[in-house]
Amino acid sequence: MITYHNRTRMTAVPTELLQDTHLSVEAKGFAAILYAYDDGFELSELACQLNMPEERIFDVLKELDDTEYLRIRKEGDDGFCLELKER
């Protein structure tokens, strides 16, 4: 039996992203979590939520950037803006 629970706070993640065979599972999970964020976040906060070291996140960011799911642009001295591309 499958039970479905309707939750009020949900995030839509593009099916194309989830089914992309060129992306790692880490990249898919990372992108799905990014879709859920409304505002900015600290890299350490995201690393904790993904249960992965910050160094590994840079590899995942590069993977998403290389496959054109994400655009990374510098913002200020210490900040970066991550934009998930519309597909």
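Just the heavy atoms: all of them, side chains too, but no hydrogens, waters or symmetry mates, feed the values below.
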Legend entry - Glu54 vs Ser44, side chain to side chain donor-acceptor pair (under 3.5 Å): CA-CA, chis, key distance, verdict: CA-CA 7 Å; Glu54 289 181 31; Ser44 59; 4.6 Å; no
Inset, instruction - Decide side-chain contact (heavy atoms from CB on, under 4.5 Å) for Tyr69 and Lys28; before the verdict, give the C-alpha distance in whole Å, the side-chain angles of both, and the deciding distance to 0.1 Å. - result: CA-CA 10 Å; Tyr69 283 102; Lys28 292 176 186 182; over 6 Å; no
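For the residue pair Ser24 and Glu63, the shortest heavy atom distance occurs at N-OE2, 2.6 Å.
Rounding to the nearest 0.5 Å places CG of Leu17 at 6.0 Å from OH of Tyr35. How far CD of Glu45 is from CD1 of Ile33: 10.5 Å, rounded to the nearest 0.5 Å. Note: Leu70 CG to Leu34 CG = 6.5 Å, rounded to the nearest 0.5 Å. How far CG of Asp20 is from OG1 of Thr67: 6.5 Å, rounded to the nearest 0.5 Å. Remark: Leu64 CG to Leu84 CG distance equals 7.5 Å, nearest 0.5 Å.
Remark: Thr15 pairs with Gln19 by the side-chain contact (heavy atoms from CB on, under 4.5 Å) rule, at least two apart or across chains. For Ala32, the side-chain contact (heavy atoms from CB on, under 4.5 Å) partners two or more places apart in sequence, or in a different chain, are Val13. With sequence neighbours left out, the side-chain contact (heavy atoms from CB on, under 4.5 Å) criterion links Arg56 to Glu26, Met52, Pro53, Asp59, Val60.
Judged by distance alone, with hydrogens and angles left aside, the side-chain atoms of Glu83 form no donor-acceptor pair with the main-chain N or O of Ile72 at under 3.5 Å.
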